[in-house]
Amino acid sequence: MNEELNTPLWLLSPLAVLGGGLMLALVIGLTLQRFKVPKLYGAVLAGLLLGSTGGGLIDRALLTQFQELLNAAAALVLFEVGRKMDLAWLLKSGRQGGSLLLATLARWVAVAVTLRLLGLQWGAAIFIASILIAVNPVIVSSMVADENASGTSTFATANMVGLSSLVALLVLAVTMAWTRSHGIDASGDFAGELMRQGGKLVLGAAIALLSYGLYAAATRLCRVPARMRPGMLLAALLIDLGLCSVSAASALLSLLLMGVLLRNAEKRDNVFQAQLQTAQDIGYVLLFLMSAALVDLGELAKGWTLGAALLVFAVRIAVTRVALIPASAWDRRKKHAMALSMCSLVSYGGLVVDNTLNAYTGLDPASTELMGALLALNVLLAPGLTWLGLRLAGETYQSGSLDTAPLEKTKEAA
């Protein structure tokens, strides 16, 4: 009996541990923000203190119990990514949209070649490079929201997040089929796996159309007032995510399409941002807390992985900057800024929104170790580099005034 009383009761509740971690992340983040440090680093510090690097209170086993909650947080983030994709601009912007597409493909090729030169097999190198095509939506969205960033390069970066995620999904469907049919845990043939991965994308798109159709029909038939539509939208997003979860469909594609449909097909005034902003901000912190909790800084410093991960990070930034050269709408400084703002990367779990928690067993130990080092560096470096990129572009608002020169304002207005 005494032994039971000596155990802190809150340690017996996984929900209390996760809630305590979220509160600690918010407190640290808001404190750091007062000193002009990105608020997202509160989640980084809280995750390191409570996760694998620190006390070990938040681990994979605990997070698995809250997979549906984490998926719901991811749903809000991914929906917001799709909501900011302007298809008309991407199709009509000429060299601007083309340079963003070129950057996604160039990152894939450059990272694959770099990983092969570092000693990885071509299959593993191409698979990891497929994941690293995408820009992390949590980091970009969180930094943009915290800095109130708005302008031509911020708009392009937001479109790049969605575009890179879509390209990564399409490429990953092929490389995933190859890895599952030829990797260390291979099962089945390539054609069968390719059909299965393609089927997930098609089913995800169908679920998005169904969920958006339910939302559009419900709000119009019942004549739902504008202030109540965010609640109906949240219900539709949960339906979408739930159907994707039970059917193994591509949740990322489905949620992205929900956002794209809202922006490009919905003709009524968009009143969702203010109502969902608080939930999205908490989602950013919760998802990044999870990522930081899984980082083990002790493993990061072992062997060759730290140097290799830093090289891959640098290659992604450099190649993105080179791909932006043909674009004529942004000056040299904004292109530098955009390359930094697009530096962040996602995990396999972040792309498919499943319950793997960033783990995939189809890779050899060396490739898995390098991917872990990349995700650790992403947690530590990407928020700061993204924040620096937004500031360099001169499109952030501080204390109600735009942090740019009058001449820059004139250029943006033009």
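In this chain, numbering begins with 1 at the start of the sequence shown.
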Quiz prompt | Atom of Val319, atom of Arg107 and distance for their closest heavy-atom approach | solution = CG1-N, 3.8 Å

Exercise. Rounded to the nearest 0.5 Å, what's the gap from OG1 on Thr175 to CD1 on Ile128? Could you check?
Key: 10.5 Å

Quiz item: For the side chain of Ser164 and the backbone of Val135, is there at least one donor-acceptor N/O pair under 3.5 Å apart?
Solution: yes

Exercise. Taking all non-hydrogen atoms of both residues into account, name the closest pair between Ser130 and Trp108 and its distance.
Key: OG-NE1, 3.3 Å

Practice problem: Give, for atom CZ of Phe127 and atom CG of Leu115, the distance between the pair rounded to the nearest 0.5 Å. | Solution: 12.0 Å

Quiz item: Sub-3.5 Å donor-acceptor pair from the side chain of Glu395 to the main-chain atoms of Ser153, do we have one?
Solution: yes

Exercise. Could you walk me through whether Lys200 and Ser247 pass side chain to side chain contact (heavy atoms under 4.5 Å, CB included), step by step?
Key: CA-CA 8 Å; Lys200 290 182 178 181; Ser247 64; over 6 Å; no

Quiz prompt | Asn378 side chain to Leu345 backbone, donor-acceptor under 3.5 Å | solution = yes

Quiz item: Taking Pro383 as the fixed residue, which of Leu40, Val140, Val37 is the one that meets the side-chain contact (heavy atoms from CB on, under 4.5 Å) rule?
Solution: Leu40

Practice problem: Determine, step by step, whether Phe190 and Val174 satisfy the side chain to side chain contact (heavy atoms under 4.5 Å, CB included) criterion, reporting the C-alpha distance in whole Å, the side-chain angles of both residues, the deciding distance to 0.1 Å, and the verdict. | Solution: CA-CA 9 Å; Phe190 174 69; Val174 179; 4.3 Å; yes

Quiz item: Are the side chains of Lys84 and Val161 in touch, meaning some heavy atoms are under 4.5 Å apart?
Solution: no

Exercise. Would you check, one step at a time, whether the test side chain to side chain contact (heavy atoms under 4.5 Å, CB included) holds for Leu381 with Leu310?
Key: CA-CA 10 Å; Leu381 298 181; Leu310 286 170; 4.1 Å; yes

Exercise. Side-chain contact test, heavy atoms from C-beta onward, threshold under 4.5 Å: evaluate it for Asp59 versus Leu294 and give yes or no.
Key: no

Quiz item: Between Leu392 and His336, which heavy-atom pair has the shortest distance, and what is it?
Solution: CD2-CB, 4.0 Å

Quiz item: Once you round to the nearest 0.5 Å, how far does CG of Leu390 lie from CD of Glu147?
Solution: 7.0 Å

Self-check item: For the student: nearest non-hydrogen atoms of Ala323 and Ser99, plus distance
Solution: O-CB, 3.4 Å

Self-check item: Check: Glu193 side chain, Trp178 main-chain N or O, donor-acceptor pair, under 3.5 Å
Solution: no

Exercise. Could you check if a side-chain atom of Leu233 sits within less than 4.5 angstrom of a side-chain atom of Leu262, using non-hydrogen atoms only?
Key: yes

Quiz item: Is the closest side-chain heavy-atom distance between Leu380 and Leu48 below 4.5 Å?
Solution: yes

Quiz item: Run the side chain to side chain contact (heavy atoms under 4.5 Å, CB included) check on Val295 and Leu375 step by step: do they pass?
Solution: CA-CA 8 Å; Val295 169; Leu375 294 177; 5.9 Å; no

Quiz prompt | Ser141 and Glu80 side chains, donor-acceptor separation under 3.5 Å | solution = no

Quiz prompt | Contact summary for Asp240 and Ala208, nearest pair of heavy atoms | solution = OD2-CA, 3.4 Å

Exercise. Kindly compute the distance separating OH (Tyr284) from CD1 (Ile139), expressed to the nearest 0.5 Å.
Key: 12.0 Å

Quiz item: Below 4.5 Å, heavy atoms only, C-beta onward: do Met258 and Leu78 meet side chain to side chain?
Solution: no

Quiz item: Under 3.5 Å, is there a donor-acceptor pair between the side chain of Lys334 and the main chain of Ala393?
Solution: yes

Quiz item: Quick check: does any side chain N or O of Tyr41 sit under 3.5 Å from a backbone N or O of Gly384, one acting as donor and the other as acceptor?
Solution: yes

Quiz item: Roughly how far, to the nearest 0.5 Å, is CD1 of Ile325 from CZ of Arg332?
Solution: 9.5 Å

Quiz item: Which atom pair, heavy atoms only, marks the closest approach of Ala173 to Leu194?
Solution: O-CD1, 4.0 Å

Exercise. May I ask you to decide if Ser250's main-chain N or O and Ser254's side chain share a donor-acceptor pair within less than 3.5 Å?
Key: no

Practice problem: Nearest 0.5 Å please: distance from the CG atom of Leu18 over to the CG atom of Leu22. | Solution: 7.0 Å

